[in-house]
Amino acid sequence: MAAESNSAETILIVEDESPVLDMVTGILKGQGYGVLCAQSGDEALQIGREFADKIDLVLTDIVMPGMSGGEVVRQLQQLKPEIHALYMSGYTKYTVVGPGTLESVKSFIWKPFSPAELLGKVREILDSPADIH
């Protein structure tokens with residue numbers, strides 16, 4: 001787990017692939033966001049329980065071993081109702097559409113994405129009301 005709180009906004013990244021996690025972390029830290037990292041749903045929930053400050057956004061892979069990104073977000077929103085959610089996936093739409101995945105997701109970015117695409121989507125989500133995600 002890596003944490004920095006030098007930003008007014010904190011993002012929890014949940015990604016089971018280390019290279020992707022490292023890349024996304026670097027992009028977001030480079031723009032001054034505070035970043036928390038988890039490589040599993042269970043680790044993300046532990047961070048959610050233990051991190052005393054506000055988490056503005058959870059950026060999660062939707063297909064992960066153990067717990068789906070959708071389930072991670074549902075449980076985190078029970079702990080921190082104000083949290084925004086942004087899902088990401090490199091799988092095809094047909095792979096991720098199904099129970100507990102994309103049927104109700106409005107905030108999504110497909111991998112691979114450019115730093116500009118990621119930063120634009122993150123800003124869009126952070127600037128929108130939390131209840132529409």
Side-chain angles (χ1 to χ4, degrees):
M1 173 177 71
E4 289 192 7
S5 58
N6 60 352
S7 172
E9 295 171 309
T10 299
I11 299 172
L12 170 56
I13 306 166
V14 189
E15 170 60 60
D16 60 309
E17 295 183 29
S18 294
V20 177
L21 181 63
D22 293 344
M23 178 197 66
V24 172
T25 299
I27 292 168
L28 295 172
K29 282 185 176 180
Q31 290 299 305
Y33 291 104
V35 176
L36 303 165
C37 298
Q39 288 193 280
S40 70
D42 289 334
E43 188 177 356
L45 295 176
Q46 180 180 347
I47 291 168
R49 285 188 294 272
E50 295 175 359
F51 190 72
D53 294 330
K54 180 180 179 186
I55 299 174
D56 298 281
L57 173 71
V58 58
L59 171 60
T60 183
D61 194 355
I62 199 144
V63 178
M64 296 183 293
M67 187 183 306
S68 73
E71 184 60 27
V72 170
V73 169
R74 278 188 290 280
Q75 291 192 38
L76 281 171
Q77 287 176 334
Q78 289 176 355
L79 296 169
K80 298 179 181 282
E82 74 285 354
I83 198 168
H84 291 277
L86 175 57
Y87 298 90
M88 58 184 166
S89 182
Y91 287 92
T92 66
K93 179 178 180 180
Y94 302 106
T95 303
V96 296
V97 174
T101 55
L102 284 182
E103 72 276 357
S104 63
V105 173
K106 299 178 183 93
S107 306
F108 195 85
I109 188 167
W110 291 104
K111 297 179 204 171
F113 43 75
S114 70
E117 289 171 316
L118 175 63
L119 293 169
K121 194 67 172 179
V122 164
R123 191 74 259 149
E124 175 188 327
I125 302 304
L126 287 170
D127 290 342
S128 65
D131 62 344
I132 68 164
H133 305 296

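Reckoned from all heavy atoms, side chains included, excluding hydrogens, waters and symmetry mates.
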Q | Worked check of side-chain contact (heavy atoms from CB on, under 4.5 Å) between V72 and M64 | A | CA-CA 10 Å; V72 170; M64 296 183 293; 4.0 Å; yes
Q.
Could you walk me through whether F113 and V24 satisfy the side-chain contact (heavy atoms from CB on, under 4.5 Å) test, starting with their C-alpha distance in whole Å, then the side-chain angles of each, then the deciding distance to 0.1 Å, before giving a yes or no?
A. CA-CA 10 Å; F113 43 75; V24 172; 3.9 Å; yes
Please find the pair of heavy atoms, one from [X] and one from [Y], that lie closest to each other, and give the distance.
X: Q39; Y: E43; answer: N-OE1, 3.0 Å
X: V14; Y: S40; answer: CG1-O, 3.7 Å
X: A38; Y: I47; answer: CB-CD1, 3.9 Å
X: F108; Y: S89; answer: CZ-CB, 3.4 Å
X: V73; Y: A85; answer: CG1-CB, 3.7 Å

Got a second to check how far [X]'s [atom1] is from [Y]'s [atom2], nearest 0.5 Å?
X: I83; Y: L12; atom1: CD1; atom2: CG; answer: 6.0 Å
X: E117; Y: M88; atom1: CD; atom2: CE; answer: 13.5 Å
X: L36; Y: T25; atom1: CG; atom2: OG1; answer: 9.5 Å
X: S107; Y: K121; atom1: OG; atom2: NZ; answer: 6.0 Å
X: H84; Y: Q77; atom1: NE2; atom2: CD; answer: 10.0 Å
X: L76; Y: I55; atom1: CG; atom2: CD1; answer: 6.5 Å

For a 4.5 angstrom cut-off between non-hydrogen side-chain atoms, does [X] reach [Y]?
X: L57; Y: Y33; answer: no
X: L28; Y: L119; answer: yes
X: V20; Y: D61; answer: no
X: D53; Y: T10; answer: no
X: L86; Y: I11; answer: no

Q: Not counting sequence neighbours, which residues clear side-chain contact (heavy atoms from CB on, under 4.5 Å) with Q75? List them please.
A: L45, M67, E71
Q: Begin from the C-alpha positions of M23 and E17 and carry the test side-chain contact (heavy atoms from CB on, under 4.5 Å) through to its verdict.
A: CA-CA 10 Å; M23 178 197 66; E17 295 183 29; over 6 Å; no
Q: Indicate yes or no: does E15 engage K111 in a salt bridge with an N to O separation below 4.0 Å.
A: yes
Q.
Using the salt bridge (charged side-chain N to carboxylate O under 4.0 Å, His left out) criterion, which residues pair with K54? Sequence neighbours excluded.
A. D56
